[in-house]
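In listed order, ligands and their atoms are each counted from 1. We use all heavy atoms of the structure for the numbers below, so side chains are in, but hydrogens, waters and symmetry mates are not.
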Amino acid sequence: MNTTTNAQIAIVTGASRGIGAAVARRLAADGFAVVVNYAASSGEAEALVAELNAAGGRAIAVKADVSSAGDVRRMFEAAEQQLGKVDVLVNNAGVIKPTPLADTSDELYDRAFDTNVRGTFNTLREAARRMNDGGRIVNFSSTTLALNMPGYAIYNATKASVEAFTHVFAKELRGRNITVNAVAPGPVATSLFLDGKTNEQIQHFAKMPPLERLGQPDDIASVVAFLASSQAGWVNGQVLRANGGLA
Ligand code: NDP
């Protein structure tokens with residue numbers, strides 16, 4: 001059944017939890033029909049979709065591992081069939097496991113690059129073929145790229161790739177009026193950041209920015225919402241470091 005909507009359509013990858021869930025909530029509040037993508041957390045994704053629909057929005061949950069080109073193609077097809085042609089793509093899905101380079105297994109390396117780099121590549125390639133002209137793409141980098149902390153070699157390399165995609169893809173979409181930007185958060189209080197850290201380590205990170213706190217998912221969601229909006233039409237090919245001044 002094709003139940004297309006008049007609202008603009010946004011896909012948010014990795015929207016079952018953390019920053020992605022906050023982005024989905026914010027875009028729904030801003031009037032977008034939202035695809036809540038997830039890989040494993042079906043309970044969280046379905047609960048979020050129920051919440052957004054109960055609030056008067058239009059949302060669907062779509063399971064797709066972004067590292068699979070087939071899954072990503074099927075996710076765009078589900079979006080088109082159930083909501084309509086896509087206007088906004090937020091490439092939020094990502095993984096991290098800080099590990100010294102010398103101790104990184106092949107599996108850990110593959111997981112990081114498959115999700116963060118191949119995942120972004122898969123959705124960008126599909127978006128180029130299928131998104132509406134005039135759309136918006138927001139990729140996810142990280143402020144860790146600027147900090148060069150031990151343990152972050154692999155993760156930073158994946159995010160450097162995402163930034164390279166962002167700069168070049170913005171130019172490759174010339175003539176389509178589609179902007180391609182990235183947001184690079186500092187530490188944000190989600191399980192990705194908090195898991196495996198001691199309270200002392202968390203406090204250390206929280207004190208690093210001059211604003212002396214961790215970022216919250218909503219801090220990042222409001223930046224994504226700006227980049228996804230008509231207000232950001234002249235911002236293109238940029239990386240916006242949303243981190244409370246941490247550098
Ligand atoms: P979380 O770990 O809280 O959430 C990650 C989300 O990504 C989940 O919804 C997860 O879904 C999804 N996901 C993971 N792998 C895949 C996959 N292969 N396919 C589809 N979805 C997937 O992370 P955050 O919200 O903290 O991070 C979001 C983004 O922000 C990431 O790109 C991260 O690198 C970046 N970032 C985060 C920072 C932080 O401090 N939190 C700082 C800088 C950047 P499921 O549970 O279903 O697998």
Is a donor on one side and an acceptor on the other found under 3.5 Å between the side chain of N116 and the backbone of V95? yes
Do L48 and Y38 share a hydrophobic cluster, counting only Ile, Leu, Val, Met, Phe, Trp and Tyr and linking them when any side-chain heavy atoms are less than 4.5 Å apart? no
Considering only non-hydrogen protein atoms, determine which one is nearest to atom 21 (N) of ligand 1 and report residue, atom name and distance to 0.1 Å. A93 CB, 3.6 Å
Which residue and non-hydrogen atom of the protein lie closest to atom 15 (N) of ligand 1, and at what distance in Å? T115 CG2, 3.7 Å
Please write down residue, atom name and distance for the protein heavy atom closest to atom 39 (C) of ligand 1. V188 N, 3.6 Å
May I ask you to identify the nearest protein heavy atom to atom 32 (O) of ligand 1, giving residue, atom name and distance to one decimal place in Å? N92 O, 2.8 Å
Looking at atom 25 (O) of ligand 1, what's its closest protein heavy atom, distance included? I19 N, 2.8 Å
Side chains of N91 and T120: is there a donor and an acceptor less than 3.5 Å apart? no
Under a 4.0 Å threshold between the charged nitrogen and the carboxylate oxygen, would R241 count as salt-bridged to E163? yes
Could you check whether any heavy atom of K159 sits closer than 4.0 Å to an atom of ligand 1, since that is the contact criterion I want to use? yes
Nearest-contact summary for atom 8 (C) of ligand 1 - protein heavy atom, Å: R17 NH2, 3.5 Å
Does V95 reach ligand 1 with a nitrogen or oxygen that is under 3.5 Å from one of the ligand's nitrogen or oxygen atoms? no
Return a yes/no value for P185: is any of its N or O atoms, backbone included, closer than 3.5 angstrom to an N or O of ligand 1? no
Has K171 got its NZ or CZ under 6.0 Å from the middle of the six-membered ring of F169, at an angle within 45 degrees of the ring axis? no
Taking 4.0 angstrom as the limit and counting only heavy atoms of S41, give me the atoms of ligand 1 inside it, by number and element. 45 (P), 46 (O), 47 (O)
min-distance protein heavy atom vs atom 34 (O) of ligand 1 -> Y155 OH, 2.6 Å
Flag if over 12 foreign heavy atoms under 6.0 Å of CZ, F226: yes
Which ligand 1 atoms are under 4.0 Å away from a heavy-atom of D65? 17 (C), 18 (N), 19 (N)
In ligand 1, the atoms that come under 4.0 Å of a heavy atom of G18 are 3 (O), 25 (O)
Does ligand 1 have an atom that lies less than 4.0 angstrom from a heavy atom of S191? yes
For atom 6 (C) of ligand 1, the protein heavy atom that lies nearest, with its residue and separation: G14 O, 3.5 Å
Mind checking whether F165 and F121 have parallel, tilted or perpendicular rings, split at 30° and 60°? tilted
Does G186 come within less than 4.0 angstrom of ligand 1, counting non-hydrogen atoms of the residue? yes
Do the side chains of D30 and R25 get close enough for a salt bridge, i.e. N-O under 4.0 angstrom? no
Can you measure from CG (N236) to CD1 (I178) and round to the nearest 0.5 angstrom? 10.0 Å
Mind checking whether A64 has a heavy atom under 4.0 Å from ligand 1? yes
With a 3.5 Å distance limit and no angle check, can you tell me whether N181 reaches the backbone of L227 through a side-chain donor-acceptor pair? no
Less than 3.5 Å between some nitrogen or oxygen of Y38 and one of ligand 1, yes or no? no
Can you name the atoms of ligand 1, numbered from 1 with element, that are less than 4.0 Å from a heavy atom of F140? 29 (C), 30 (O), 32 (O), 35 (C)
Check whether any side-chain heavy atom of V34 lies under 4.5 Å from a side-chain heavy atom of V36, and answer yes or no. yes
Near S141 (heavy-atom distance under 4.0 Å), the atoms of ligand 1 are 44 (C)
Short list, please: which atoms of ligand 1 are under 4.0 Å from a heavy atom of N37? 20 (C), 21 (N)
Check this for me: K207, atom NZ, are more than 12 non-hydrogen atoms of other residues, nucleotides or ligands nearer than 6.0 Å? no
Near F193 (heavy-atom distance under 4.0 Å), the atoms of ligand 1 are 40 (O), 41 (N)
Please list, in number order, the atoms of ligand 1 under 4.0 Å from a heavy atom of P187. 40 (O)
Trace of the salt bridge (Lys or Arg N to Asp or Glu O under 4.0 Å) decision for D195 with K97: CA-CA 10 Å; D195 287 359; K97 195 167 189 335; over 6 Å; no
Side chain, backbone, both or neither: which part of T190 comes within less than 4.0 Å of ligand 1 when only heavy atoms are counted? side chain
Under 4.0 Å between a Lys/Arg side-chain N and an Asp/Glu carboxylate O for D71 and R74? yes
